[in-house]
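Scroll down for the structure; my scribbles are underneath it.
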Amino acid sequence: MRIHTYEKIWLVAAMVLIVGIIATITYGAVGLGIAMIDDSEDTIDAANLGDDERFANPGIEQVGEDEYEVTVVARQFNYDPGTDQLRGFDPIEVPTDSEVTFYVTSGDVIHSFSVVDTNLNTMVVPGEVSTMTAVFDEPGEYGILCNEYCGPQHHDMEGRLVVHDVDEFDLFEIEAVDGPEAVDPGDEAAFTVTVANERLEERSTTVVFEFDEQTFEEDVTVDADGTADVTFTVDTDGLEVDDYSWTATVDDGMERIVEESGQLAVGEEEDEEEE
Ligand code: CUA
(Lines give C-alpha, C1' and ligand atoms only; values in the text may rest on other atoms or scores of the structure.)
Protein backbone atom coordinates (compact mmCIF):
# COMPACT_ATOMS: atom_id res chain seq x y z
CA MET A 1 0.00 0.00 0.00
CA ARG A 2 1.26 3.42 -0.84
CA ILE A 3 0.90 6.18 1.69
CA HIS A 4 1.21 9.73 0.60
CA THR A 5 4.18 11.60 2.11
CA TYR A 6 1.95 14.26 3.68
CA GLU A 7 -0.20 11.61 5.26
CA LYS A 8 2.93 9.98 6.75
CA ILE A 9 4.02 13.26 8.27
CA TRP A 10 0.59 13.83 9.84
CA LEU A 11 0.53 10.26 11.11
CA VAL A 12 3.89 10.64 12.83
CA ALA A 13 2.92 14.06 14.23
CA ALA A 14 -0.29 12.60 15.68
CA MET A 15 1.67 9.75 17.28
CA VAL A 16 4.16 12.17 18.83
CA LEU A 17 1.28 14.25 20.22
CA ILE A 18 -0.45 11.22 21.73
CA VAL A 19 2.73 9.93 23.36
CA GLY A 20 3.51 13.47 24.53
CA ILE A 21 0.09 13.88 26.14
CA ILE A 22 0.37 10.56 27.96
CA ALA A 23 3.89 11.41 29.16
CA THR A 24 2.80 14.86 30.39
CA ILE A 25 -0.18 13.48 32.28
CA THR A 26 1.92 10.73 33.85
CA TYR A 27 4.63 13.19 34.88
CA GLY A 28 2.05 15.59 36.36
CA ALA A 29 0.35 12.85 38.32
CA VAL A 30 3.40 11.00 39.61
CA GLY A 31 6.64 12.82 38.79
CA LEU A 32 6.00 16.06 40.69
CA GLY A 33 5.10 14.31 43.91
CA ILE A 34 1.86 16.26 44.22
CA ALA A 35 -0.69 14.11 45.97
CA MET A 36 -4.33 14.32 46.76
CA ILE A 37 -5.30 14.19 50.40
CA ASP A 38 -4.07 10.87 51.64
CA ASP A 39 -6.88 8.55 52.63
CA SER A 40 -4.59 5.85 54.03
CA GLU A 41 -4.64 7.54 57.42
CA ASP A 42 -7.58 6.81 59.73
CA THR A 43 -10.41 9.25 59.32
CA ILE A 44 -11.39 11.43 62.25
CA ASP A 45 -14.83 12.36 63.49
CA ALA A 46 -15.46 15.84 62.10
CA ALA A 47 -18.53 16.34 64.29
CA ASN A 48 -16.58 15.68 67.50
CA LEU A 49 -13.22 17.35 67.02
CA GLY A 50 -13.37 18.32 70.70
CA ASP A 51 -12.69 14.65 71.53
CA ASP A 52 -9.75 14.43 69.15
CA GLU A 53 -6.34 14.50 70.77
CA ARG A 54 -4.79 16.67 68.07
CA PHE A 55 -7.66 19.00 67.25
CA ALA A 56 -9.33 19.59 70.63
CA ASN A 57 -6.90 22.46 71.25
CA PRO A 58 -5.66 23.55 67.85
CA GLY A 59 -2.55 25.70 67.80
CA ILE A 60 1.22 25.55 67.59
CA GLU A 61 3.50 23.21 69.45
CA GLN A 62 7.25 22.80 69.40
CA VAL A 63 8.08 19.16 68.83
CA GLY A 64 11.83 19.26 68.17
CA GLU A 65 14.72 21.70 68.23
CA ASP A 66 13.72 23.31 64.94
CA GLU A 67 10.44 21.53 64.46
CA TYR A 68 6.96 22.79 65.07
CA GLU A 69 3.50 21.41 64.49
CA VAL A 70 0.48 23.57 63.80
CA THR A 71 -3.01 22.14 64.04
CA VAL A 72 -5.80 24.14 62.43
CA VAL A 73 -9.55 23.57 62.32
CA ALA A 74 -11.46 25.14 59.42
CA ARG A 75 -15.13 25.82 59.96
CA GLN A 76 -17.74 28.01 58.26
CA PHE A 77 -16.26 30.71 58.07
CA ASN A 78 -13.01 30.85 59.97
CA TYR A 79 -9.75 29.13 60.79
CA ASP A 80 -8.87 28.30 64.37
CA PRO A 81 -6.21 29.52 64.84
CA GLY A 82 -5.78 31.86 61.90
CA THR A 83 -8.81 34.09 61.65
CA ASP A 84 -8.38 37.51 63.18
CA GLN A 85 -8.96 38.09 66.84
CA LEU A 86 -12.06 40.16 66.09
CA ARG A 87 -13.77 36.90 65.35
CA GLY A 88 -12.31 35.22 68.41
CA PHE A 89 -9.15 33.55 67.12
CA ASP A 90 -5.49 34.47 66.94
CA PRO A 91 -3.40 34.52 63.81
CA ILE A 92 -1.25 31.45 63.20
CA GLU A 93 2.24 32.34 64.40
CA VAL A 94 5.27 30.36 63.36
CA PRO A 95 9.05 30.89 63.57
CA THR A 96 11.60 31.32 60.78
CA ASP A 97 14.27 28.72 59.97
CA SER A 98 12.22 25.85 61.33
CA GLU A 99 10.37 22.95 59.86
CA VAL A 100 6.70 23.75 60.36
CA THR A 101 4.17 21.00 59.68
CA PHE A 102 0.55 22.02 59.27
CA TYR A 103 -2.26 19.60 60.06
CA VAL A 104 -5.55 21.00 58.85
CA THR A 105 -9.00 19.50 59.15
CA SER A 106 -12.59 20.66 58.82
CA GLY A 107 -15.32 20.67 61.42
CA ASP A 108 -18.14 20.86 58.90
CA VAL A 109 -17.92 21.07 55.10
CA ILE A 110 -15.14 21.09 52.50
CA HIS A 111 -12.91 24.16 52.69
CA SER A 112 -9.42 24.93 51.52
CA PHE A 113 -6.38 26.31 53.28
CA SER A 114 -4.38 28.42 50.89
CA VAL A 115 -1.53 30.60 52.08
CA VAL A 116 -1.33 33.48 49.62
CA ASP A 117 2.03 33.96 47.83
CA THR A 118 3.31 30.54 48.89
CA ASN A 119 2.83 27.09 47.48
CA LEU A 120 0.92 26.01 50.60
CA ASN A 121 -2.50 25.14 49.29
CA THR A 122 -4.70 22.23 50.19
CA MET A 123 -8.28 21.12 50.26
CA VAL A 124 -9.65 20.60 53.74
CA VAL A 125 -12.07 17.70 53.88
CA PRO A 126 -14.13 16.76 56.94
CA GLY A 127 -12.82 13.53 58.43
CA GLU A 128 -9.45 13.84 56.70
CA VAL A 129 -6.26 15.55 57.87
CA SER A 130 -4.36 17.58 55.27
CA THR A 131 -0.64 17.69 56.03
CA MET A 132 1.94 20.13 54.64
CA THR A 133 5.44 21.03 55.70
CA ALA A 134 7.13 24.37 55.10
CA VAL A 135 10.23 26.31 56.12
CA PHE A 136 9.99 30.11 56.22
CA ASP A 137 13.26 31.99 55.70
CA GLU A 138 12.06 35.50 56.45
CA PRO A 139 9.70 37.06 58.98
CA GLY A 140 6.52 38.28 57.34
CA GLU A 141 2.78 38.12 57.08
CA TYR A 142 0.64 36.06 54.78
CA GLY A 143 -3.05 35.92 54.13
CA ILE A 144 -4.92 32.62 54.27
CA LEU A 145 -7.87 32.08 51.96
CA CYS A 146 -10.55 29.50 51.48
CA ASN A 147 -11.00 28.78 47.81
CA GLU A 148 -13.55 25.99 47.98
CA TYR A 149 -17.11 27.30 47.99
CA CYS A 150 -18.35 26.47 51.49
CA GLY A 151 -21.47 28.59 52.07
CA PRO A 152 -22.86 32.10 51.96
CA GLN A 153 -19.85 33.74 53.66
CA HIS A 154 -17.25 31.76 51.73
CA HIS A 155 -15.86 35.01 50.32
CA ASP A 156 -15.31 36.18 53.90
CA MET A 157 -13.37 33.14 55.06
CA GLU A 158 -9.84 34.29 55.58
CA GLY A 159 -7.01 34.15 58.06
CA ARG A 160 -3.53 35.35 58.78
CA LEU A 161 -0.21 33.61 59.13
CA VAL A 162 2.57 35.57 60.86
CA VAL A 163 6.17 34.43 60.62
CA HIS A 164 8.39 35.68 63.44
CA ASP A 165 12.14 35.60 63.82
CA VAL A 166 12.93 32.31 65.54
CA ASP A 167 15.04 34.08 68.20
CA GLU A 168 12.05 36.13 69.30
CA PHE A 169 9.59 33.33 69.00
CA ASP A 170 8.25 32.55 72.44
CA LEU A 171 5.35 30.39 73.38
CA PHE A 172 4.39 31.66 76.79
CA GLU A 173 0.97 31.07 78.28
CA ILE A 174 -0.58 32.03 81.56
CA GLU A 175 -1.62 28.66 82.85
CA ALA A 176 -3.38 29.84 85.99
CA VAL A 177 -3.80 32.76 88.34
CA ASP A 178 -4.38 31.71 91.90
CA GLY A 179 -5.64 34.29 94.37
CA PRO A 180 -8.47 35.21 96.69
CA GLU A 181 -11.84 36.39 95.45
CA ALA A 182 -12.44 38.64 98.42
CA VAL A 183 -10.47 40.25 101.26
CA ASP A 184 -11.24 42.51 104.19
CA PRO A 185 -10.47 46.20 103.62
CA GLY A 186 -6.85 46.97 104.39
CA ASP A 187 -5.68 43.39 103.98
CA GLU A 188 -3.11 42.21 101.52
CA ALA A 189 -3.98 39.75 98.77
CA ALA A 190 -1.44 37.47 97.13
CA PHE A 191 -1.89 36.36 93.52
CA THR A 192 0.25 33.60 92.09
CA VAL A 193 0.62 33.64 88.33
CA THR A 194 1.72 30.36 86.74
CA VAL A 195 3.54 30.96 83.47
CA ALA A 196 4.08 28.07 81.08
CA ASN A 197 6.89 28.06 78.51
CA GLU A 198 5.99 25.83 75.61
CA ARG A 199 9.34 26.17 73.87
CA LEU A 200 11.80 23.32 74.26
CA GLU A 201 14.47 25.64 75.65
CA GLU A 202 14.72 27.91 78.66
CA ARG A 203 13.19 31.34 77.98
CA SER A 204 12.74 34.56 79.95
CA THR A 205 9.84 36.95 80.00
CA THR A 206 8.22 39.66 82.11
CA VAL A 207 4.97 39.16 83.97
CA VAL A 208 2.91 42.28 84.62
CA PHE A 209 0.16 42.29 87.24
CA GLU A 210 -2.23 45.19 87.45
CA PHE A 211 -4.66 45.71 90.28
CA ASP A 212 -6.77 48.84 90.45
CA GLU A 213 -4.11 51.52 89.97
CA GLN A 214 -1.18 49.42 91.13
CA THR A 215 1.18 47.88 88.58
CA PHE A 216 3.74 45.21 89.37
CA GLU A 217 6.36 43.73 87.09
CA GLU A 218 8.60 40.78 87.51
CA ASP A 219 11.06 39.02 85.23
CA VAL A 220 10.89 35.30 85.20
CA THR A 221 12.92 32.55 83.57
CA VAL A 222 10.99 29.43 82.77
CA ASP A 223 12.53 26.01 82.16
CA ALA A 224 12.19 24.32 78.83
CA ASP A 225 8.64 23.04 78.46
CA GLY A 226 8.04 23.94 82.09
CA THR A 227 6.19 26.35 84.33
CA ALA A 228 7.18 28.98 86.88
CA ASP A 229 5.19 30.75 89.56
CA VAL A 230 5.38 34.48 90.23
CA THR A 231 3.59 35.90 93.25
CA PHE A 232 2.33 39.48 93.47
CA THR A 233 1.05 40.91 96.74
CA VAL A 234 -1.41 43.75 96.40
CA ASP A 235 -2.38 46.14 99.12
CA THR A 236 -6.00 47.15 99.68
CA ASP A 237 -5.11 49.86 102.18
CA GLY A 238 -7.18 52.96 101.57
CA LEU A 239 -9.49 51.25 99.08
CA GLU A 240 -13.21 51.63 99.51
CA VAL A 241 -15.50 48.65 99.74
CA ASP A 242 -15.96 47.70 96.10
CA ASP A 243 -15.01 45.21 93.40
CA TYR A 244 -11.64 45.78 91.78
CA SER A 245 -10.30 44.20 88.62
CA TRP A 246 -6.94 42.63 88.16
CA THR A 247 -5.09 41.65 85.00
CA ALA A 248 -2.08 39.40 84.58
CA THR A 249 -0.14 39.75 81.35
CA VAL A 250 2.83 37.91 79.97
CA ASP A 251 4.78 39.20 77.02
CA ASP A 252 5.16 36.68 74.30
CA GLY A 253 8.10 38.41 72.63
CA MET A 254 5.85 38.71 69.61
CA GLU A 255 2.94 41.06 69.09
CA ARG A 256 0.74 38.73 71.07
CA ILE A 257 0.46 39.20 74.81
CA VAL A 258 -1.33 36.62 76.83
CA GLU A 259 -3.76 37.89 79.39
CA GLU A 260 -5.88 36.68 82.29
CA SER A 261 -8.16 38.83 84.35
CA GLY A 262 -10.52 38.67 87.30
CA GLN A 263 -12.03 40.57 90.17
CA LEU A 264 -11.18 41.03 93.80
CA ALA A 265 -13.95 42.14 96.12
CA VAL A 266 -12.73 44.33 98.93
CA GLY A 267 -14.92 44.23 102.01
CA GLU A 268 -17.66 41.94 100.90
CA GLU A 269 -17.70 38.21 100.42
CA GLU A 270 -19.06 37.57 96.99
CA ASP A 271 -19.17 34.24 95.31
CA GLU A 272 -18.27 35.53 91.91
CA GLU A 273 -16.31 33.08 89.87
CA GLU A 274 -12.69 33.90 89.47
CA GLU A 275 -11.45 33.35 85.98
CU1 CUA B 1 -14.49 27.84 53.60
CU2 CUA B 1 -14.93 28.65 51.47
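The figures that follow rest on heavy atoms only: side chains count, while hydrogens, waters and symmetry mates do not. Start at 1 and go down the list; that is how both ligands and their atoms are numbered.
Of the listed residues (Val73, Val72, Leu145), just one forms a side-chain contact (heavy atoms from CB on, under 4.5 Å) with Tyr79, and that residue is Val72.
A ring-centre distance under 6.0 Å is not found for Phe232 and Phe211.
For atom 2 (Cu) of ligand 1, the set of nearby N, O or S atoms under 2.8 Å includes none belonging to His155. One of the N, O or S atoms belonging to Cys146 lies under 2.8 Å away from atom 1 (Cu) of ligand 1. Coordination check, Met157 versus atom 1 (Cu) of ligand 1: passed, since an N/O/S atom of the residue sits under 2.8 Å.
Residue-environment remark: CG (Asp235) exceeds the threshold of 12 foreign heavy atoms within 6.0 Å. Enclosure of atom CD in Glu53 is not indicated, since only 12 or fewer non-hydrogen atoms of other residues, nucleotides or ligands lie within 6.0 angstrom.
Summary: ND1 is the N/O/S atom of His111 found nearest to atom 1 (Cu) of ligand 1. Atom ND1 is the N, O or S atom of His154 at the shortest distance from atom 2 (Cu) of ligand 1. Minimum-distance N/O/S atom of Glu148 relative to atom 2 (Cu) of ligand 1: O.
In summary, the side chains of Asp251 and Thr206 do not present any donor paired with an acceptor at a separation below 3.5 Å, with no hydrogens or angles considered.
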